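Note that ligands are numbered from 1 as they come in the structure, with each ligand's atoms numbered from 1 the same way. Keep in mind it's a predicted model, so treat the numbers as computed, not measured.
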Amino acid sequence: KSKLAIAIDGPAAAGKSTVAKIVAKKLQYIYIDTGAMYRAITHKAIINDIDLDNGEELYQLLKKTTIDLQQGAKEQKVFLDSTDVTEDIRNQMVTNKVSVVAQHGLVRKEMVKRQRELSKKRGVVMDGRDIGSHVIPDAEVKIFLIASVKERAERRHKENTKKGYPSDLKQLENEIERRDQLDTEREISPLVKASDAIEIDTTSLSIQEVSEKILEIVKRKG
Ligand code: C5P
């Protein structure tokens with residue numbers, strides 16, 4: 001069976017990564033979390049006290065930075081210049097700043113170059129904001145996941161609480177809305193549903209149901 005590229009896009013906290021991981025595992029494909037790449041460079045920029053509005057400086061930093069996504073036995077790990085930053089890139093500071101870093105054309109150009117390289121051989125499930133519309137425009141399967149802001153905030157809240165992290169539902173709603181706005185309104189490859197993407201509203205669906213829907217779509221293609 002020929003290997004495909006599966007693009008999964010959608011707004012913040014729509015369940016993209018959870019579903020992408022399940023689909024990748026089932027198909028024995030590689031899962032690529034492009035959000036983690038933007039998060040990793042944001043984390044490094046914060047540590048190095050770089051002005052996050054300065055696209056050129058961020059680009060220079062990125063050029064000398066390696067970001068590795070590695071599939072461990074249990075979870076995917078993110079390495080920034082060989083340091084495991086899997087946990088760090090999920091912190092509040094990074095989450096609130098990543099969409100500012102991701103606005104810069106130069107940063108995106110370099111990220112897209114790396115992502116295209118990773119998807120060249122197919123057999124990948126890549127999730128993000130611009131995968132179907134820009135990174136892999138010829139992806140064999142394009143999915144666009146949506147859910148209401150309220151639902152997304154509630155899911156994230158449950159996740160945080162389960163992990164024992166402090167969490168405030170209203171604050172989560174505000175953050176998700178703000179990130180959606182920045183991602184949708186930015187000039188360079190904004191969050192947009194590709195014309196040939198299949199939209200799935202996950203608001204009233206379980207993770208399992210969404211994954212099955214996607215696997216059905218893949219089956220029809222493959
Ligand atoms: O997917 P995740 O929420 O981890 O992504 C973090 C941020 O990275 C997004 O809010 C967006 O600003 C940026 N991003 C992007 N393009 C992608 C993936 C993520 O701009 N393909």
S.K.: If you measure from the Lys or Arg side-chain nitrogens to the Asp or Glu carboxylate oxygens, is any gap between Arg108 and Asp130 under 4.0 Å?
M.R.: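 A salt bridge links Arg108 with Asp130.
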S.K.: Under 4.0 Å, counting heavy atoms only: does Met37 come that close to any atom of ligand 1?
M.R.: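 It does not; every heavy atom stays at 4.0 Å or beyond.
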S.K.: Which is closest to atom 7 (C) of ligand 1 in terms of heavy atoms, Leu182, Val98, Leu191, Val100?
M.R.: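 Residue with the shortest heavy-atom distance to the ligand atom: Val98.
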S.K.: Hey, are Lys213 and Glu216 close enough for a salt bridge, meaning a charged N less than 4.0 Å from a carboxylate O?
M.R.: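 No salt bridge links Lys213 with Glu216.
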S.K.: Do ligand 1 and Asp127 have nitrogen or oxygen atoms that lie under 3.5 Å from each other?
M.R.: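 No, Asp127 has no N/O under 3.5 Å of an N/O on ligand 1.
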S.K.: Below the 3.5 angstrom mark, is there an N/O of Ser99, backbone or side chain, next to an N/O of ligand 1?
M.R.: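 By distance alone, the answer is yes.
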S.K.: Quick one about Glu56 and Gln60 (side-chain donor to acceptor, distance below 3.5 Å, no hydrogens or angles considered), yes or no?
M.R.: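 Glu56 and Gln60 do have a side-chain donor-acceptor pair below 3.5 Å.
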S.K.: Can you tell me if Thr202 and Arg155 form a side-chain donor-acceptor pair at under 3.5 Å?
M.R.: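 Side-chain D/A pair, Thr202 to Arg155: present.
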S.K.: Judged by modelled atom types alone, do Glu187 and Gln103 share a side-chain donor-acceptor pair under 3.5 Å?
M.R.: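 Side chains of Glu187 and Gln103: no pair found under 3.5 Å.
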S.K.: Considering only protein heavy atoms, which is closest to atom 14 (N) of ligand 1, and at what distance to one decimal place?
M.R.: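 The protein heavy atom lying closest is Tyr38 CD1, 3.6 Å.
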S.K.: If you take the nearest heavy atom of each of Ile32, Asp33, Thr34, which one is closest to atom 18 (C) of ligand 1?
M.R.: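 Of the listed residues, Thr34 has the closest heavy atom.
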S.K.: Could you tell me which residues satisfy side chain to side chain contact (heavy atoms under 4.5 Å, CB included) with Glu75, sequence neighbours excluded, listed by chain and number?
M.R.: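 Counting only residues at least two positions away or on another chain, Glu75 forms a side chain to side chain contact (heavy atoms under 4.5 Å, CB included) with Lys77, Thr86.
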S.K.: Return the minimal non-hydrogen interatomic distance between Arg152 and Ile176, and the atom names on each side.
M.R.: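 The pair with the smallest heavy-atom distance is NH1-CG2, 3.4 Å.
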S.K.: Report the nearest protein non-hydrogen atom to atom 6 (C) of ligand 1: residue, atom name, distance rounded to 0.1 Å.
M.R.: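 For atom 6 (C) of ligand 1, the nearest protein heavy atom comes out as Arg179 NH1, 3.5 Å.
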S.K.: If you measure every N or O of Asp130 against every N or O of ligand 1, does any of those distances drop under 3.5 Å?
M.R.: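 Yes, Asp130 has an N/O under 3.5 Å of an N/O on ligand 1.
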S.K.: Testing the 3.5 Å rule here: is there a donor-acceptor pair between the side chains of Glu57 and Asn54?
M.R.: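 Checked: Glu57/Asn54 side chains pair up, N/O donor to acceptor below 3.5 Å.
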S.K.: Answer side chain, backbone, both or neither: which part of Met126 comes under 4.0 Å from ligand 1, heavy atoms only.
M.R.: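 Neither part.
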S.K.: Check whether the side chains of Arg39 and Thr95 place a donor and an acceptor atom closer than 3.5 Å, and report yes or no.
M.R.: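 The answer is yes; a qualifying pair exists.
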S.K.: Please write down residue, atom name and distance for the protein heavy atom closest to atom 13 (C) of ligand 1.
M.R.: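 I find the closest protein heavy atom is Ala102 CB, 3.8 Å.
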S.K.: Just to be sure I'm reading this right: ignoring hydrogens, which of Arg129, Lys16, Arg39 gets closest to atom 1 (O) of ligand 1? Compare them by their nearest heavy atoms.
M.R.: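 Among Arg129, Lys16, Arg39, the closest heavy atom to atom 1 (O) of ligand 1 belongs to Arg129.
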S.K.: Counting only nitrogen or oxygen atoms and a 3.5 angstrom limit, does Arg108 reach ligand 1?
M.R.: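 Between Arg108 and ligand 1 (N or O atoms, distance only) the closest approach is under 3.5 Å.
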S.K.: By number and element, which atoms of ligand 1 are closer than 4.0 Å to a non-hydrogen atom of Asp183?
M.R.: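 Near Asp183, the atoms of ligand 1 are 9 (C), 10 (O), 11 (C), 12 (O).
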S.K.: Please confirm whether Arg186 approaches ligand 1 to less than 4.0 Å, judged on its heavy atoms.
M.R.: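 The answer is yes, since Arg186 has a heavy atom less than 4.0 Å from ligand 1.
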